[in-house]
Amino acid sequence: MNMMLKYSIMNEIRKIYQTSLMELLSQANHVHRQHHVVGEVQLCHLISYKTGGCTEDCSYCAQSARYQTEVAPLPLMQKDALFTQARAAIEVGASRICIGAAWRGVRDGKAFDTILEVVRELTENGVEVCCTLGMLEKHQALQLREAGLYAYNHNLDTSRTFYRSIISTRTYDDRLQTLKRVKKAGISMCCGGIIGLGESREDRIALLHTLSQIKPESIPINFLGAVEGTPLEKQPPLPIWEMLRMIATARIIMPKALIRLSAGRIERSLEEQALCFMAGANSLFIGEKLLTITNPTFNDDEKMFELFGLKKRAPFKAKREADAAGQSPQN
Ligand code: SAM
Ligand code: DTB
Ligand code: SF4
């Protein structure tokens, strides 16, 4: 990209991010109303197919084998147990099932074949399926697409510059390459980041800039879950205002995307979550566990949906709308 152009877009994003908070929230809410049904949220549910024992050194992660955390590696999840969990989540309104694996990347073989079967079966049951399995080769992205995979989650986490102080076992370009393969295979791209890793505001703005270039269809924004035993265990939490700025800026610069409140909801009050929805968040994970860390219980969330008047988004809505307009569901 032309450097002059890059700087002028970065300046624009910085200006938005630093707008006075009430003005920023008001603008973001206005954009949100123009592009989305007010109060409609997508409910996603995460299932950990392969937990722990990961070779990578992501400094925030409970599943890295390099750190002494409470997470012990588990055998691969059985297909039956996976379907039971997925069915329970669909019954209470989840429209997207996200299957995670603590892998550096996918390796061809039995475990991946099982994932392909599960993707096929769940998709046939009318639910959006997302996978987050680490890096993908081109042929693996195509196989996932062929099995019916709707979305692939692969986060950039932070800015290119800060990335190397968080992870040393792979590069920002490795991540971008997998994201490119996902898009090329015709899979909807889910890509976001984490705030509170010790990054600066400029790093958060740079992440938003990169996201605005690659245009994910969904953007998870995680608060760091500071896991005991990881290098980031003592990292102090960021104030909610920074999360609101992140969500609101993402909403303004990527108006059509789904913005997902991800890790860290459990530590946030109902009032704080209400502000996140006002700022433009319209997706969340349900279920009392994410992959390994705690999330609000479904009962608590039901009370929140009731209190806020939130409506659950139906599966494949973006695809139906894009088909009707003769476009691709990606922005
Ligand atoms: N191994 C795969 C990978 O790294 O892409 C998939 C699973 S990984 C757990 C998915 C994402 O979860 C990470 O990229 C990171 O953004 C987020 N994540 C992991 N641990 C987290 C934590 N402690 N707090 C917040 N987000 C976290
Ligand atoms: C994402 O951005 N957040 C989800 C999902 N994508 C895979 C995971 C969040 C927390 C994972 C940490 C854990 O539960 O161990
Ligand atoms: Fe492994 Fe993914 Fe955790 Fe990194 S974030 S250690 S790749 S499971």
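Excluded from the calculations below are hydrogen atoms, water molecules and symmetry mates; all remaining heavy atoms, backbone and side chain alike, are included. Whatever order the structure lists them in is the order used to number ligands and atoms, beginning at 1. None of the values given here were measured: they were computed from a predicted structure.
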Under 3.5 Å side-chain donor-acceptor pair for Glu56 and Thr169: yes

message: Whether Arg120 and Glu117 form a salt bridge (side-chain N of Lys/Arg under 4.0 Å from carboxylate O of Asp/Glu) is what I want to check.
response: no

- prompt: Does the protein put a heavy atom less than 4.0 Å from atom 8 (S) of ligand 1?
  reply: no

message: Tell me whether ligand 1 is touched by Glu233 - counting only heavy atoms on the residue side and a distance under 4.0 Å.
response: no

- line: One checks atom 1 (Fe) of ligand 3 and counts protein N, O or S atoms under 2.8 Å, reaching 1

- request: Consider only side-chain N and O atoms of Tyr152 and Arg145, and report whether a donor and an acceptor are under 3.5 Å apart.
  value: no

- request: Would you mind running through ligand 3 and noting each atom that sits below 4.0 Å from a heavy atom of Tyr60?
  value: 5 (S)

field: Closest contact, heavy atoms only, Gly193 versus Leu207
entry: CA-CD2, 4.0 Å

field: Flag for Tyr172-Gln177: side-chain donor and acceptor within less than 3.5 Å
entry: no

task: Pull out every atom of ligand 1 sitting under 4.0 Å from any heavy atom of Leu291, numbered as shown with elements.
output: 9 (C)

- prompt: Just by distance, with hydrogens left out, do Asn153 and Asn155 show a side-chain donor and acceptor under 3.5 Å apart?
  reply: yes

query: Looking only at side chains, do Asp57 and Ser168 share a donor and an acceptor under 3.5 Å apart?
result: yes

message: Contact between ligand 1 and Pro220 is defined here as a heavy atom of the residue under 4.0 Å from a ligand atom; is it met?
response: no

query: Distance only, no hydrogens: is a donor on one side chain within 3.5 Å (strictly under) of an acceptor on the other, for Tyr150 and Arg96?
result: no

- prompt: By side-chain contact (heavy atoms from CB on, under 4.5 Å), which residues pair with Lys317, not counting sequence neighbours?
  reply: Val37, Glu40, Arg313, Arg320, Glu321

- line: For Leu46, the other hydrophobic cluster members (4.5 Å side-chain criterion, sorted by chain and number) are Val227, Phe285, Leu290, Leu291, Ile293

- request: Just jot down the ligand 1 atoms closer than 4.0 angstrom to any heavy atom of Asn222, in number order.
  value: 25 (C), 26 (N)

Member of Thr249, Ile253, Ile252 meeting the side chain to side chain contact (heavy atoms under 4.5 Å, CB included) criterion with Tyr17: Thr249

query: Judged by atom type as modelled, is there a donor-acceptor pair below 3.5 Å linking the side chain of Lys183 to the main-chain atoms of Ile214?
result: yes

- prompt: Do the side-chain N and O atoms of Ser26 and Asn29 include a donor-acceptor pair separated by under 3.5 angstrom?
  reply: no

message: With a heavy-atom distance limit of 4.0 Å, tell me whether Ile194 approaches ligand 1 through its side chain, its backbone, both, or neither.
response: side chain

task: Heavy-atom distances under 4.0 Å are what count here, so tell me which part of Arg66 touches ligand 3: side chain, backbone, both or neither.
output: neither

field: Mode of Asp157 contact toward ligand 1 - side chain, backbone, both, neither (heavy atoms, under 4.0 Å)
entry: side chain

query: Under 4.0 angstrom from ligand 1, any heavy atom of Gly134?
result: yes

Protein contact of atom 7 (S) of ligand 3 - nearest heavy atom, named by residue and atom, plus distance: Arg170 NH1, 3.2 Å

task: Flag this pair as yes if the NZ/CZ of Arg268 is under 6.0 angstrom from the six-membered ring centre of Phe223 and inside a 45 degree cone about the axis; otherwise no.
output: yes

- request: Provide the number and element of each atom of ligand 1 under 4.0 Å from a heavy atom of Ala263.
  value: 25 (C)

field: Per-residue contact class, Ala101 against ligand 1 - non-hydrogen pairs under 4.0 Å
entry: backbone

- prompt: Are there protein heavy-atom neighbours of atom 1 (Fe) of ligand 3 below 4.0 Å?
  reply: yes

Please tabulate, one line per pair, the protein nitrogen or oxygen atoms found under 3.5 angstrom from a nitrogen or oxygen of ligand 2, with distances to 0.1 Å, or say none if there are no such pairs.
residue  : atom   : partner : partner atom : Å
ligand 2 : 2 (O)  : Asn155  : ND2          : 2.7
ligand 2 : 2 (O)  : Asn222  : ND2          : 2.9
ligand 2 : 3 (N)  : Asn222  : OD1          : 3.0
ligand 2 : 6 (N)  : Asn153  : OD1          : 3.2
ligand 2 : 14 (O) : Leu291  : N            : 2.8
ligand 2 : 14 (O) : Thr292  : N            : 2.7
ligand 2 : 14 (O) : Ile293  : N            : 2.9
ligand 2 : 15 (O) : Thr292  : N            : 3.3
ligand 2 : 15 (O) : Thr292  : OG1          : 2.5

- prompt: Does any donor atom in the side chain of Gln42 or Asn282 lie under 3.5 Å from an acceptor atom in the other side chain?
  reply: no

- prompt: Which atoms of ligand 1 are found less than 4.0 Å from any heavy atom of Phe223?
  reply: 24 (N), 25 (C)

message: Give me the atom names and distance for the closest heavy-atom approach of Gly196 to Gln235.
response: O-CG, 3.0 Å

